[in-house]
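Computed over heavy atoms, backbone and side chain alike; hydrogens, waters and symmetry mates excluded. The shown structure was predicted, so the numbers you read here are calculated from the model rather than taken from an experiment. Remember, it's 1-based here, ligands and their atoms both numbered in the order they're listed.
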Amino acid sequence: MSKPDKRTVRIALLPGDGIGPEVMAAGRKLCETIGAKNNIVFQYDEFKIGGAAIDAFGVPLRPDDLAKIRECDAVILAAVGGPKWDTGAANLRPEAGLLGLRKGLNVFANLRPAKIFPELIDASRLKPEQAKSVDLIIFRELTGGVYFGEPRGKSGEAGGREAWNTMRYTESEIRRIAKMAFEAARGRRKRVTSVDKANVLEVSQLWRDIVTDEHRHYSDVELLHLYVDNAAMQLVRNPGQFDVILTENLFGDILSDLCAELVGSIGLLPSASLGAQSPGLYEPVHGSAPDIAGKGMANPLAMFLSIAMMCRYSLNLPDAAERIERAVATALKAGARTADLGGDLGTNDMTEQVLRHFNRKG
Ligand code: NAD
Ligand code: IPM
Ligand code: MN
């Protein structure tokens with residue numbers, strides 16, 4: 001009998017800036033290992049984004065590159081940005097490349113899980129009783145809100161300048177992310193907390209109306225509403241009350257960094273950005289960390305856990321996803337720690353530890 005053909009998977013790699021290329025190199029090693037174990041050939045297409053693309057091409061993401069990225073099976077982005085490019089016009093900053101990528105792929109749902117590893121209870125800022133209960137996922141709307149609303153701009157001369165942005169959502173934008181959050185809750189602890197600022201913002205009043213209306217189809221799921229200021233406090237006070245958090249773009253950005261300190265480090269938090277017809281986009285929650293870039297000390301675990309999400313949501317490899325998550329947990333259990341977790345392993349050594357556990361029999 002002839003051997004079955006190897007499956008080929010096309011992955012777009014966008015290393016970006018700062019620690020981006022460092023954690024991307026680690027992620028690529030993990031992909032190679034996944035491929036070897038699952039009879040898959042990963043074909044990589046690498047693209048410049050962010051500051052790297054500004055330096056090379058004068059723009060943070062070339063339209064032709066976006067078109068090619070769209071043709072891939074999945075997209076991995078490491079991080080963009082840095083002080084070198086902070087003074088440019090808004091549409092010529094590294095971050096505009098990332099926002100253009102998200103919009104261009106129409107990945108409107110950004111899933112940001114935060115779950116404590118029992119081995120890292122000491123690394124959390126919380127008292128152990130609270131730390132051990134952290135197991136939540138943020139459904140952050142990713143292609144709307146104040147990030148993209150028009151009009152936006154700046155005018156005037158020094159001393160009299162003015163600047164404005166617009167927070168805007170349509171019913172359908174709210175409904176499609178609400179649906180996804182309710183569906184996800186059915187596979188978890190069946191509780192959705194919708195976070196808004198409906199005591200002040202009309203956009204949030206619409207958000208609350210639509211989420212409440214959509215909830216009619218999910219009566220088996222509990223729905224609660226919190227104002228975002230209270231939600232930030234409750235996350236620190238009693239994180240165990242949260243299962244699925246459903247929120248708009250800017251609030252989700254802020255609350256997800258807060259969650260980093262609940263689980264121990266921003267270097268642990270993965271994300272998946274999903275849409276209806278486009279390849280999924282997988283990116284750590286953290287940024288380009290200019291303060292540690294080039295030092296070989298970035299924590300690669302957020303990247304690894306993002307690749308686990310890619311295996312689960314885009315590649316139909318749930319076993320590989322679980323194997324990655326187990327390898328990360330086992331490495332942590334064995335005491336492997338990068339500097340952000342109080343240890344002394346560099347990116348390469350941490351990567352080796354995780355790959356060793358990934359490759360173990362069983
Ligand atoms: P950041 O996440 O880059 O860094 C915040 C702190 O966390 C720093 O002290 C950094 O050293 C640490 N940190 C981050 N990732 C780490 C890792 N993997 N291992 C160990 N420590 C890590 O946030 P910032 O400093 O506010 O932003 C720096 C740049 O990154 C900015 O230009 C910002 O716009 C950009 N940014 C990009 C993304 C992205 O590409 N998805 C996300 C956030 C911020
Ligand atoms: C994130 C980042 C981005 C965001 C920036 C870099 C545009 O902070 O992914 O959390 O605000 O969405
Ligand atoms: Mn952020």
Side-chain angles (χ1 to χ4, degrees), residues 14-27 48-54 60-61 75-88 90-103 107-112 114 123 138 140-148 165 247-261 263-273 281-306 328 336-351 354:
L14 293 86
D17 310 314
I19 62 168
E22 301 169 39
V23 297
M24 183 62 89
K48 288 188 193 303
I49 190 168
I54 294 172
L61 177 64
V75 186
I76 307 177
L77 177 129
V80 298
K84 179 177 173 194
W85 305 282
D86 274 348
T87 47
N91 61 343
L92 287 178
R93 289 183 51 125
E95 292 81 359
L98 175 55
L99 298 176
L101 177 69
R102 291 171 177 170
K103 194 76 171 173
V107 284
F108 60 85
N110 182 215
L111 282 54
R112 297 190 159 189
I138 299 179
R140 171 189 178 195
E141 200 293 326
L142 200 62
T143 52
V146 73
Y147 276 61
F148 294 95
N165 292 93
T247 194
E248 63 91 50
N249 205 341
L250 179 62
F251 299 160
D253 177 45
I254 296 168
L255 294 181
S256 57
D257 268 34
L258 189 155
C259 289
E261 288 301 307
V263 298
S265 166
I266 188 94
L268 293 169
L269 290 186
S271 90
S273 303
L281 167 63
Y282 298 88
E283 33 170 334
V285 170
H286 65 70
S288 59
D291 51 336
I292 59 165
K295 297 185 178 162
M297 58 193 282
N299 187 343
L301 296 185
M303 173 56 85
F304 294 163
L305 296 169
S306 300
V328 168
R337 302 274 188 284
T338 40
D340 53 314
L341 294 170
D344 55 8
L345 291 188
T347 312
N348 291 340
D349 289 336
M350 189 70 182
T351 301
V354 174

Let me confirm one number: the CZ-CD distance from F148 to E141, rounded to the nearest 0.5 Å.
8.5 Å
Ligand 1 to G82, heavy atom cutoff 4.0 Å, flagged ligand atoms 32 (O)
Flag: protein heavy atom within less than 4.0 Å of atom 3 (O) of ligand 1
yes
Output yes when a side-chain donor or acceptor of N249 lies under 3.5 Å from a complementary backbone atom of L142, and no otherwise.
yes
Which of the numbered atoms in ligand 1 are below 4.0 angstrom from a heavy atom of A79?
40 (O)
How close does the nearest protein non-hydrogen atom get to atom 5 (C) of ligand 1, and which residue and atom is it?
I266 CG2, 5.0 Å
Heavy atom of R140, distance to ligand 2 below 4.0 Å
yes
I'd like to know if the side chain of E22 reaches the main chain of G294, judged simply by a donor and an acceptor atom lying under 3.5 Å from each other, with no hydrogens or angles considered.
yes
State, without any angle test, whether S288 and D17 hold a side-chain donor-acceptor pair at a distance under 3.5 Å.
no
Ligand 1 atoms in contact with G81 (distance to a heavy atom under 4.0 Å):
32 (O)
Starting from atom 11 (O) of ligand 2, which protein heavy atom do you reach first, and at what distance in Å?
Y147 OH, 2.5 Å
Shortest non-hydrogen contact between G267 and D340, atoms and distance:
CA-OD2, 4.0 Å
If you measure from CZ on R140 to CG on L250, what distance do you get to the nearest 0.5 Å?
8.0 Å
Decide, counting backbone as well as side-chain atoms, whether D253 has an N, O or S atom less than 2.8 Å from the Mn ion (ligand 3).
yes
Residue E283 vicinity, atoms of ligand 1 by number, heavy atom under 4.0 Å:
41 (N)
Is atom 27 (O) of ligand 1 touching the protein, meaning some protein heavy atom lies under 4.0 Å away?
no
Residue pair M24 / I76: nearest heavy atoms and the distance that separates them:
CE-O, 3.3 Å
Check ligand 1 against A298 and write out every atom of the ligand that is under 4.0 Å from a heavy-atom position of the residue.
19 (N)
Test side chain to side chain contact (heavy atoms under 4.5 Å, CB included) applied to L268 and L341, step by step
CA-CA 9 Å; L268 293 169; L341 294 170; 4.2 Å; yes
Any idea which protein heavy atom is nearest atom 37 (C) of ligand 1, and the distance to it?
V80 O, 3.1 Å
Shortest reach to atom 36 (N) of ligand 1 by a heavy atom, considering only G287, P284, A339, G267
G287
Sub-4.0 Å heavy-atom contact, V285 with ligand 1
yes
Distance in Å, L77 CG paired with S273 OG, rounded so as to fall on 0.5 Å steps
9.0 Å
H286: heavy atom below 4.0 Å from ligand 2, yes or no?
no
Purely on distance, is any nitrogen or oxygen of E283 under 3.5 Å from one on ligand 2?
no
At what distance, to the nearest 0.5 angstrom, does CG of D253 lie from CZ of R112?
6.0 Å
On a heavy-atom basis, which atom in A26 and which in T347 lie closest, and how many Å separate them?
CB-CG2, 4.3 Å
Atoms in ligand 1 with a heavy atom of E95 nearer than 4.0 Å:
31 (C), 32 (O), 33 (C), 34 (O)
For ligand 1, which atoms sit closer than 4.0 Å to a heavy atom of P290?
28 (C)
Protein contact of atom 6 (C) of ligand 2 - nearest heavy atom, named by residue and atom, plus distance
E95 CG, 3.7 Å
Considering only the protein, which heavy-atom contact is closest to atom 9 (O) of ligand 2, and what is its distance?
R102 NH2, 2.7 Å
How long is the straight-line distance from SG of C259 back to CD1 of I254, given to the nearest 0.5 Å?
12.5 Å
Identify, for atom 16 (C) of ligand 1, the protein heavy atom at the shortest distance, and state residue, atom and that distance.
I19 CD1, 3.9 Å
Identify the two heavy atoms, one from F108 and one from T143, that lie closest to each other, and give their separation to 0.1 Å.
CB-OG1, 3.3 Å
Quick one: nearest non-hydrogen protein atom to atom 10 (O) of ligand 2, plus distance?
D253 OD1, 2.9 Å
Are any side-chain N or O atoms of R93 and backbone N or O atoms of D86, one a donor and one an acceptor, separated by less than 3.5 Å?
yes
Would N249 count as being in polar contact with ligand 2, using the rule that some N or O on each side must be under 3.5 angstrom apart?
no
Where the closest heavy atom to atom 19 (N) of ligand 1 is concerned, which of D86, L98, N299 has it?
N299
State, to 0.1 Å, how close E283 and L98 come at their nearest heavy-atom pair, and which atoms those are.
OE1-CD1, 3.8 Å
Nearest heavy atom to atom 10 (C) of ligand 1: which of D291, T347, I292 does it belong to?
D291
The protein heavy atom nearest to atom 29 (C) of ligand 1 is S288 OG, 3.2 Å
Could you tell me whether some N/O pair between R93 and ligand 1 is separated by less than 3.5 angstrom?
no
Non-hydrogen atoms of I54 and L92 that approach each other most closely
CD1-O, 3.0 Å
Heavy-atom pairs closer than 4.0 Å: do any link ligand 2 to the side chain of R112, the backbone, both, or neither?
side chain
Need the ligand 1 atom indices (1-based, order shown) with element for anything under 4.0 Å from a heavy-atom of H286.
2 (O), 14 (C), 15 (N), 18 (N), 38 (C), 39 (C), 41 (N), 42 (C), 43 (C)
Point-to-point distance, once rounded to the nearest 0.5 Å, from CE of M303 to NE2 of H286
7.0 Å
Check for me whether A302 has a heavy atom closer than 4.0 Å to any atom of ligand 1.
no
